[in-house]
Number of protein chains: 2
Amino acid sequence: MPVSEKVSKKTRGGLTAGPDAAMCPSRLVLEHVTSRWGVLVLAVLMDGTHRFSEVRRAIGGVSEKMLTQTLQTLERDGFVRREAHPVIPPHVDYSLTELGEEAARRVGALARWTEEKVPEVLAAREAYDAAKAR
Amino acid sequence: MPVSEKVSKKTRGGLTAGPDAAMCPSRLVLEHVTSRWGVLVLAVLMDGTHRFSEVRRAIGGVSEKMLTQTLQTLERDGFVRREAHPVIPPHVDYSLTELGEEAARRVGALARWTEEKVPEVLAAREAYDAAKAR
DNA sequence: CAGCATCCGTGCTGATACTG
DNA sequence: CAGTATCAGCACGGATGCTG
C-alpha cells in the first residue's frame with residue numbers, strides 16, 4: 001500500500017486550520033499533538049487542570065497568541081477541555097479529555113524516548129560532521 | 001520542574017539545521033522524526049533498503065530537495081544509514097540503523113494510534129464547530 | 001541517478017495594541 | 001485575566017537549472 005497519496009500542490013499542514021485541507025487527516029492530527037507548543041501543552045496539562053496564565057508561565061517562552069492558537073486547536077480536536085467561568089475577572093480552566101490524556105501519554109513517551117537517545121544522536125552527529133569535514 | 005527553558009528570540013526549529021541551535025536537543029530530534037517527510041521516510045525504510053528514487057516514488061509528492069534534506073538530517077542524527085556505491089550511474093542505498101528502526105516503530109505506533117482516533121477527532125471537531133456557529 | 005545551488009512565494013511566528 | 005486583531009520578518013518548502 002502506498003504510504004501517502006499524491007498531493008497536487010501547496011499542501012503544507014501547520015498547526016493552524018488553513019484553507020487547504022487536502023491532506024490525510026491523521027497527519028494533521030499528528031502535527032497538532034507533536035507541534036512545538038502542542039507537546040508542551042499536553043505535558044503541562046498532564047498533571048491536572050490549569051488556568052491560561054498558569055500554562056503560559058509553566059511553558060515560558062510562548063506568546064499568548066500561539067498558546068491560544070494551540071489550545072484552540074487541541075480543544076477542537078477533542079484533546080483539551082475548556083471551562084470558562086463567567087466571573088469578573090475571567091477565569092478559564094483547561095484540562096485534558098480522556099483522548100487528550102492518552103495522547104499526552106503517548107507523545108510523552110515518545111518525547112522521553114528521544115530525550116534518552118539524545119546522547120546517541122549527538123554522537124552520531126559528531127561522527128557525521130567529522131567525516132564530512134575531511 | 002519547568003517544562004521548557006526560556007528562549008529569548010527567534011527559536012523556531014524546523015527540519016533544517018539552522019544557525020539557531022538554542023533549543024533543547026530532544027525537541028530538535030523529535031521534530032526531525034515527526035516532521036512531514038521524516039515520518040514517511042521512516043515508514044518506507046521500515047521494510048528494508050531502498051534507493052533514493054525508490055523512496056521518492058514510494059512517498060510520492062515530495063520534492064527531491066526535501067527528500068534529500070530529510071534523508072541527510074536523519075542520517076546525521078544516526079537514524080538512517082547511507083551507502084553510496086561508486087558506480088556510474090550513481091547508486092545510493094538507504095536503510096535504517098538500529099536506532100532508526102526503533103524510532104520508526106515508535107513513530108509508526110503513534111501514527112497508527114492517531115489514525116485510529118481520527119473518527120473521534122472528526123466528531124469532536126464537528127461538535128466544536130457546531131457549538132461555535134451558534 | 002543522485003545531489004547541490006539558487007530564487008521566490010506562502011504562511012507561520014511572534015510583538016504590539018486593543019476589547020470584554 | 002483571557003482573549004482578539006493586525007502587522008512585519010523570515011523560515012520553510014517547492015521549482016528550476018546545473019554538476020559528477
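Below, read A as the first sequence line, B as the second, and so on, with proteins coming before strands; counting in each chain starts at 1.
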Subject >> Under-4.0 Å side-chain N/O to phosphate OP1/OP2 contact, B/Y94 with C/dC1 >> reply: no
**OP:** Please check if atom CD in B/E126 has more than 12 non-hydrogen atoms from other residues, nucleotides or ligands closer than 6.0 Å.
**Re:** no
Subject >> Separation of atom NE2 in A/H91 from atom P in D/dC1, rounded to whole Å >> reply: 12 Å
Original post:
Given D/dC1, is OP1 or OP2 found less than 4.0 Å from the side-chain N or O atoms of A/R51?
Top reply: no
Original post:
Does A/T68 place a side-chain N or O at less than 4.0 Å from the phosphate oxygens OP1/OP2 of D/dT4?
Top reply: no
**OP:** Starting at atom CZ of B/R56, determine the distance to atom C1' of C/dG3, rounded to an integer number of angstrom.
**Re:** 12 Å
Original post:
What is the distance from CZ of B/R36 to C1' of C/dT10, rounded to the nearest Å?
Top reply: 14 Å
Subject >> A/K65 or B/P89, whichever maps to the more 5' nucleotide of DNA chain D >> reply: A/K65
Original post:
Are OP1 or OP2 of C/dC4 and a side-chain N or O of B/Q72 less than 4.0 angstrom apart?
Top reply: yes
**OP:** Give a yes or no on whether the backbone of B/G78 and the side-chain of B/T97 come within a donor-acceptor separation of less than 3.5 Å.
**Re:** yes
Original post:
Atom NE2 of A/H32 to atom P of C/dC12: distance rounded to whole Å?
Top reply: 10 Å
Subject >> Phosphate OP1/OP2 of D/dG14: any B/W37 side-chain N/O under 4.0 Å >> reply: yes
Original post:
Within this structure, what is the CD1-to-P distance between A/I88 and D/dG3, rounded to whole angstrom?
Top reply: 15 Å
Original post:
Looking at CE of A/M66 and CG of A/L71, how far apart are the two atoms once the value is rounded to the nearest 0.5 Å?
Top reply: 10.5 Å
**OP:** Check side-chain contact (heavy atoms from CB on, under 4.5 Å) between B/R56 and all other residues, then give those that pass, not counting sequence neighbours.
**Re:** B/F52, B/V62, B/E64, B/L67
Subject >> Other residues, nucleotides, ligands: >12 heavy atoms within 6.0 Å of B/E98 CD >> reply: no
Subject >> Atom-to-atom span, NE2 of B/H50 to P of C/dC1 - whole angstrom >> reply: 17 Å
Original post:
Does the base of C/dA17 carry an N or O that pairs as donor and acceptor with the side chain of A/E64 under 3.5 Å?
Top reply: yes
**OP:** Round to a whole Å and report the spacing from CE of B/M66 to P of C/dC4.
**Re:** 14 Å
Subject >> Spacing of A/Q69 atom CD relative to C/dT13 atom C1', expressed in whole Å >> reply: 9 Å
